[in-house]
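Accompanying notes for the structure given below.
Numbered from 1 within each chain, the chains take letters A, B, ... in sequence-line order.
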There are 2 protein chains.
Amino acid sequence: MPQQPAHHPAPPAGEAAEPVLPAEPTQAKRFGKTRTAQSTALLEDYAELIADLLATGGEARPTDIARRLGVSHASAIKTIARLKREGLATARPYRGVFLTEAGEVLAARVKARHRLVVDLLRAVGVPAEAAEQDAEGIEHHVSDLTLDAFSRFLEARK
Amino acid sequence: MPQQPAHHPAPPAGEAAEPVLPAEPTQAKRFGKTRTAQSTALLEDYAELIADLLATGGEARPTDIARRLGVSHASAIKTIARLKREGLATARPYRGVFLTEAGEVLAARVKARHRLVVDLLRAVGVPAEAAEQDAEGIEHHVSDLTLDAFSRFLEARK
DNA sequence: GTGAAGTTGTAGCCATGGCTACACTTCGTC
DNA sequence: GACGAAGTGTAGCCATGGCTACAACTTCAC
Ligand SMILES: [Mn+2]
Ligand SMILES: [Mn+2]
Ligand SMILES: [Mn+2]
Ligand SMILES: [Mn+2]
């Protein structure tokens, strides 16, 4: 059994604490939103990465993208096809990948969010590499309200 | 373009900041770990929910699980099959679902992590419902190192 | 300019996780 | 105890996101 965080009231000794379940529709809504976030996570990472590659190297080639993501180039190409289908990117054969207006907007938003999450983690004492690692997953599940709170928190302790 | 967090150095006015890309193998490793976390997220949520249902109602039936997750009962049953396949749960037809030793260990760990993530979010000023919502996704991407940092942070400002 | 190497694209496979439709069991009520 | 409602299980569909294998195109070196 993992340790009890000290700021939480301990359960009455002897018997297990009855967990308090959220109301059923509330809980279903939460899980549903999490599933939605899941399905856009990959697109967000691609958009962010493509923007970075374009900014630094001038071009974003499927093979580079694949290598950076640690997947086969075939997988990358399939996801690039999805980006195109969803109006986030354009690509002509052998010419590299570019972002549409919508894609650039998404990339900028994702990038800002990514940085803010890393900064917040660092601020509460998470070691640098762990912060970078965890942020890569966490960023896709952070709502605007939470983002605002992160901003204010960082601002306050600057 | 989203707002610039004030604690970050602004890019030199006039030209865009060149993003600093992590080394390729580093970045690939990060994305890879995130993918792994993704694939266990669902099992974790099931284990946590089943434990809660068993603790409160004494039984965890596929239909209850499905309703709480907001999916069809057929989907729930398929994931329960995966839990069994991975040695986390047992279930005999029409008799409800139970956790194995391994399943209970997982559930306890997930539950503690979930609570800690919610508490951390609340502590940095995230509104209650947003904290609950976002934690449902974030929890699957929080490493032990990060969890420790959260603990210490909460302890320090208790 | 030609040939080899690297890049890109396509095809076909698998696992996961949704769904609906349908069949079968269990349970509660009368 | 019979019946109908609720719960459970199975089958078959789809999309996503991995993979390998192979084919076609570009590019670079010579
Ligand atoms: Mn990410
Ligand atoms: Mn990111
Ligand atoms: Mn969760
Ligand atoms: Mn949870």
Side-chain angles (χ1 to χ4, degrees), chain A residues 24 28-50 53 57-98 136-137 140, chain B residues 24 28-50 53 57-98 136-137 140:
Chain A
E24 196 180 276
K29 202 164 299 176
R30 283 182 200 158
F31 283 121
K33 284 194 193 172
T34 299
R35 279 193 301 272
T36 302
Q38 202 99 288
S39 89
T40 49
L42 192 71
L43 296 181
E44 293 181 346
D45 283 337
Y46 269 73
E48 187 184 3
L49 176 56
I50 290 167
L53 288 173
E59 52 178 20
R61 302 188 153 275
T63 304
D64 297 346
I65 297 171
R67 265 200 300 261
R68 294 211 161 256
L69 288 166
V71 299
S72 74
H73 81 273
S75 298
I77 285 176
K78 265 210 282 199
T79 302
I80 291 166
R82 190 177 158 213
L83 284 170
K84 289 196 276 185
R85 207 168 53 225
E86 311 214 357
L88 296 168
T90 59
R92 287 197 332 287
Y94 299 93
R95 292 293 130 199
V97 183
F98 298 90
E136 201 51 72
H140 309 286
Chain B
E24 196 181 277
K29 202 163 298 175
R30 282 181 201 157
F31 282 121
K33 284 193 192 171
T34 300
R35 281 193 300 271
T36 302
Q38 201 98 287
S39 89
T40 49
L42 192 71
L43 296 181
E44 293 181 345
D45 283 337
Y46 269 73
E48 188 185 2
L49 176 57
I50 290 167
L53 288 173
E59 52 178 21
R61 304 190 151 274
T63 304
D64 296 346
I65 297 171
R67 264 200 301 261
R68 292 207 164 259
L69 288 165
V71 300
S72 73
H73 81 273
S75 297
I77 285 175
K78 264 210 282 198
T79 301
I80 292 166
R82 189 177 159 212
L83 283 171
K84 290 196 274 184
R85 207 168 53 225
E86 311 215 355
L88 296 169
T90 59
R92 288 197 331 289
Y94 299 94
R95 291 292 131 198
V97 184
F98 297 91
E136 202 51 72
H140 308 287

Nearest atoms (heavy-atom pairs only) where B:His140 meets B:Ala37 = O-CB, 3.4 Å
Residue pairs involving residues 71-85 of chain A (criterion salt bridge (charged side-chain N to carboxylate O under 4.0 Å, His left out); sequence neighbours excluded) = A:Arg82-A:Glu86
Heavy-atom closest contact (B:Pro62 atom, B:Ala76 atom, distance) | O-CB, 4.0 Å
Toward the 5' end of DNA chain D, by each residue's nearest nucleotide, A:Leu43 or B:Arg92 | B:Arg92
Applying side chain to side chain donor-acceptor pair (under 3.5 Å), which residue pairs with at least one partner in residues 33-43 of chain B are found, sequence neighbours left out?
-> none
Members of residues 28-38 of chain B that approach DNA chain C, where some heavy atom sits under 4.0 Å away = none
Under 3.5 Å, which donor-acceptor pairs do the side chains of residues 87-98 of chain B form with other protein atoms, sequence neighbours left out?
none

Which is it for A:Asp45 and A:Leu49 under the side chain to side chain contact (heavy atoms under 4.5 Å, CB included) test, yes or no, and what are the steps along the way?
-> CA-CA 6 Å; A:Asp45 283 337; A:Leu49 176 56; over 6 Å; no
Going 5' to 3' along DNA chain C, which nucleotides are the first and last within contact of chain A (any atom under 4.0 Å from a heavy atom)?
-> C:dT7 to C:dG18
Between the protein and nucleotides 2-5 of chain D, list every N/O to N/O distance that falls short of 3.5 Å.
none

Report yes if some heavy atom in the side chain of B:Phe31 is under 4.5 Å from a heavy atom in the side chain of A:Val71; otherwise report no.
-> no
Does B:Arg67 have any salt bridge (Lys or Arg N to Asp or Glu O under 4.0 Å) partners at least two apart in sequence or in another chain, and if so, which?
-> A:Glu24, B:Asp64
Listed by chain and number, what are the side chain to side chain donor-acceptor pair (under 3.5 Å) partners of A:Thr79, not counting sequence neighbours?
-> none
Taking the nucleotide of DNA chain D with the closest heavy atom to each, which residue, A:Leu42 or A:Arg95, is nearer the 5' end?
-> A:Leu42
Neighbours of DNA chain C within residues 64-80 of chain A, by heavy-atom distance under 4.0 Å | A:His73, A:Ala74, A:Ile77, A:Lys78
Please report how far the helix from C:dG1-D:dC30 to C:dC30-D:dG1 bends, comparing the axis fitted to its first five pairs with the axis fitted to its last five, to the nearest 10 degrees.
-> 10°
Partners of B:Glu48 by salt bridge (Lys or Arg N to Asp or Glu O under 4.0 Å), sequence neighbours excluded?
-> none
